[in-house]
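Take a look at the structure set out below.
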Amino acid sequence: MAESNDSFPLDTEKIYLRGKEHHVRTRCGSVSVIVCGDQDKPALITYPDLALNHMSCFQGLFFCPEGASLLLHNFCIYHISPPGHELGAAPISASVSAHCVDNLADQILEVLNFFGLGAVMCMGVTAGAYILTLFAMKYRERVLGLILISPLCRAPSWTEWFYNKVMANLLYFYGMCGLLKEFLLQRYFSKEVRGNAEVPESDIVQACRRLLDERHGSNVMQFLQAINRRPDLTRGLKRLRCRTLIFVGDNSPFHSEALHMTSKLDRRFSALVEVQACGSMVTEEQPHAMLIPMEYFFMGYGLYRPCQLSDSPRSPLSPSCISPELLSPESMGLKLKPIKTRISLEV
């Protein structure tokens with residue numbers, strides 16, 4: 001991957017909003033892919049968490065001007081939705097057998113082949129992070145790097161299995177009811193932004209709640225069942241040779257899962273960033289916390305932020321704001337060490 005030499009300013013919001021939707025036929029059904037940006041650039045694929053799509057899972061990161069500039073300056077973005085999770089999706093027929101996680105990982109390979117893509121950068125959130133990790137383990141030559149947000153890698157614990165079974169029953173009998181949406185919002189966000197009797201919900205939670213209204217219960221059930229039957233990937237993590245950058249919120253219900261995954265990855269190629277006062281969806285709740293670690297992660301591939309961005313002390317990409325650990329040679333070059341970077345709300 002070579003450094004992009006484009007020097008003209010990018011209207012990143014317009015590029016993102018004008019993304020073109022493609023429906024890719026695979027052996028396991030049709031997959032919706034939203035393509036944003038210049039297809040001559042290296043590819044970055046995204047995969048969202050349960051019941052979400054690119055608008056509800058990655059909008060915060062891509063609507064953050066610095067984040068959009070960093071990513072769209074260097075990549076063409078391919079947003080892959082789980083079956084039936086795209087905007088305007090029809091209900092999946094009850095006669096269609098539920099997918100397994102291997103099917104979903106294989107669908108990604110078919111998407112890459114459809115677009116003629118070679119090795120790609122991957123970004124996934126929670127369940128989506130699991131699917132992309134599995135994909136990287138099955139097709140190592142097709143993955144340049146992994147950016148995982150609050151990832152899963154083990155089989156469900158008894159607590160998670162029971163929690164998922166409750167959600168499955170709610171979906172079966174009541175569809176996308178209010179109680180189910182509350183369960184999902186607790187999965188995604190910290191209590192600080194979910195609000196309470198005295199404090200109203202934040203705008204991002206309200207927006208996510210509205211987008212959840214568009215999901216069909218049968219479609220969410222398919223993805224939930226696949227994730228609840230997932231196998232443990234721990235034993236294969238040491239064999240991953242792509243660089244891996246993991247983000248997790250301190251208040252995420254999957255915080256311990258991210259720590260476990262980090263401990264099992266090869267330390268030469270992985271790094272951990274913990275974000276204070278944040279839930280699972282760092283991409284929505286605190287997208288600015290991702291900018292500096294991602295910038296230095298991309299430097300290892302010869303990719304850089306566009307020079308138009310401000311270098312003022314207030315800029316999230318200003319060197320004065322960079323954690324000393326991230327300036328180490330290991331994290332800037334070929335080797336990333338696991339670090340515990342705590343990022344406050346002021347970033």
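The number of heavy atoms from other shown groups lying within 6.0 Å of NZ (K181) is above 12.
Remark: R27 does not engage D106 in a salt bridge, criterion side-chain N to carboxylate O under 4.0 Å. With respect to R209 and E182, a salt bridge is recorded, a charged nitrogen being found less than 4.0 Å from a carboxylate O. Using a 4.0 Å cut-off between a side-chain N of Lys or Arg and a carboxylate O of Asp or Glu, E160 and R230 qualify as a salt bridge. Of the charged side-chain nitrogens involved, at least one lies within less than 4.0 Å of a carboxylate oxygen, so that D102 and K138 count as a salt-bridged pair.
The distance from the OG atom of S252 to the NE2 atom of H255 is 8.0 Å, given to the nearest 0.5 Å. H99 NE2 to R229 CZ: the interatomic distance, rounded to the nearest 0.5 Å, is 11.0 Å.
Under 3.5 Å, the side chains of T46 and H54 contain no donor-acceptor pair of N or O atoms.
Listed here is the closest heavy atom pair of R235 and R239: O-NH1, 3.6 Å. When all heavy atoms of L211 and R215 are compared, the closest pair comes out as O-NH1, 3.4 Å.
Centroid-to-centroid, the aromatic rings of H23 and F114 stay 6.0 Å apart or farther. When ring centroids are compared, Y304 and F298 stay outside the 6.0 Å threshold. Taking the six-membered ring where the residue is Trp, the centroids of F115 and H22 are separated by under 6.0 Å.
The shortest distance between side-chain heavy atoms of L303 and F75 falls below 4.5 Å. Contact of the C64 side chain with the L61 side chain is not registered, since no non-hydrogen atoms from C-beta on lie closer than 4.5 Å. A heavy-atom distance below 4.5 Å is not found between the side chains of L272 and S270. M167 places a side-chain heavy atom less than 4.5 Å from the side chain of L50. Within the 4.5 Å cutoff, the side chain of C153 has no heavy atoms near those of the K264 side chain. Residues H79 and V33 form no side-chain contact, since every pair of their non-hydrogen atoms from C-beta on lies 4.5 Å or further apart. No side-chain heavy atom of K191 sits under 4.5 Å from any side-chain heavy atom of N196.
Within the cation-pi definition used here (under 6.0 Å to the ring centroid, within 45° of the axis), R243 qualifies as a partner of Y301.
In this pair, F223 and H85 present their aromatic rings perpendicular. The plane angle is above 60°, beyond the 30 to 60° band.
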When the side chains of residues 118-135 are checked against the rest of the protein, which donor-acceptor pairs come out under 3.5 Å, sequence neighbours left out?
unit_1	atom_1	unit_2	atom_2	d
T126	OG1	S150	O	3.2
Y130	OH	P231	O	2.6
T133	OG1	A129	O	2.7

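Applying the salt bridge (Lys or Arg N to Asp or Glu O under 4.0 Å) test to pairs two or more places apart or on separate chains, those with a residue in residues 49-60 are D49-R187.
There is a path of hydrophobic side-chain contacts, each under 4.5 Å, that joins L109 to I45.
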